[in-house]
Number of protein chains: 2
Amino acid sequence: MKPAEPSNLTRDQRRERTRQVIVDAAWQLSRERGLTGWGLRDLGAQVGMRAPSLYVYFASKNALYDEMYAQGYRELRAVYESLRTGDLGAEAQVRTGARMFFQFAVADSARLQLLFLRVIPSFVPSATSYALASEVLAELSQSLRAAGVIDPAALDIWTAMLTGLATQQVSNDPGGSRWADVVDRTVDILLAGTRLA
Amino acid sequence: MKPAEPSNLTRDQRRERTRQVIVDAAWQLSRERGLTGWGLRDLGAQVGMRAPSLYVYFASKNALYDEMYAQGYRELRAVYESLRTGDLGAEAQVRTGARMFFQFAVADSARLQLLFLRVIPSFVPSATSYALASEVLAELSQSLRAAGVIDPAALDIWTAMLTGLATQQVSNDPGGSRWADVVDRTVDILLAGTRLA
DNA sequence: GTCTATAAATGGATAGAC
DNA sequence: GTCTATCCATTTATAGAC
């Protein structure tokens, strides 16, 4: 018996807190060594545990990836919610949203790969987690509709553009701003080209 | 002594041929199991060798990736060369080039990841291989300039768009045509937006 | 809930016989 | 040029003591 944590919490709360500590450590390792560049031993060491103890909190490494995936999309959803709560007009919302998405995506290339590319062959997001991703996409769709971009094909162009800019930035100019510098201009071009299609 | 190959070839020719067989097998495994989903044992088995024998032809697994990378860009360069040789006008060349790039990229998602994304943390293309990539980019740049897209920032928008469309297609609609269907429209939009910037 | 011990496999890579 | 044998590290995951 050595929880080492404030124990005026329920068992479930303590468990959830530990899960979060593990997920945070996994993100940190992913940022440092890449999404697949660490093992459960390393992760355990990071949180002061041996690898087998992690199985108390996650059924497998892929289950852990799934939680990271879900959490990543929850963070992105929060970004869009903060946007919607603001008092920006429809077009400004699209403009700011694009900048924020880009910033979100390039801030963590491991997260970019997990959320938007299919980099781990064995990992497929669970139905629940994938639903979160769809929710965020719906948010983007909504935002674009409000600005006059109404057809579904145009939405696909926007997602390609946004992920493309971010991917190019982290792949071909990490730490720089080559693609960051063209985000606004690209938004202008797409707005002009996809409105009232 | 058991070459099992027609021996009216020089030693270097036989060596080069075997290297090619290995690279082809590596591509096949990458397509089937993902870029990192196979080991040297599997690769050896695929070409009728034990893993250690592969070291006669490649210094390391990353050296093999490097050859795959170079070969991928040589194939892409060939695509653009066939385009330049045709009798298309500048704008038609951009339009056809975009379609061909998209087709090339989605035809093999492992190749897409190796050539355009940074998916294997330990792999960095050699200077020689990277020069090939630059050559192909210059080709694209040339093609766009001829069509009136002259500023470097616009080129960055185009590469983001092209890779973004392909990545979305293989990540979110593999086997489908959701993003394939918007390539032409996207080219129109970008041509309208980046010409004579 | 955490540990040790270990399974069972796989990883890339090297030595040295033939 | 290919092999066997092997190294040494590492992987995810499980069993069972505490």
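What you are looking at is a predicted structure, and each value in this text was computed from that prediction instead of being measured. Residue numbers begin at 1 in each chain, while the letters A, B, ... track the order of the sequences.
For the pair A/R111 and A/F104, the cation-pi criterion (under 6.0 Å, within 45° of the ring axis) is fulfilled.
A salt bridge does not link B/E139 with B/R77: none of the charged nitrogens is closer than 4.0 Å to a carboxylate oxygen. Salt-bridge formation is detected for the pair B/R195/B/E91: a Lys NZ or Arg NE/NH1/NH2 atom is positioned less than 4.0 Å from an Asp or Glu carboxylate oxygen. We find that A/D184 and A/R95 are not joined by a salt bridge, their nearest charged nitrogen and carboxylate oxygen being 4.0 Å or further apart. We find that A/E67 and A/R74 are joined by a salt bridge, their nearest charged nitrogen and carboxylate oxygen being less than 4.0 Å apart.
Between A/Y65 and A/Y69, the distance separating the two ring centers is not shorter than 6.0 angstrom.
Considering only residues two or more places apart in sequence or on other chains, B/R33 meets the salt bridge (charged side-chain N to carboxylate O under 4.0 Å, His left out) condition with B/D42.
Contact check of residues 20-33 of chain A against DNA chain C (heavy atom, cut-off under 4.0 Å) returns no residues at all. In the region residues 40-65 of chain A, proximity to DNA chain D at under 4.0 angstrom, judged on heavy atoms, holds for A/L40, A/R41, A/D42, A/P52, A/Y55, A/S60, A/K61.
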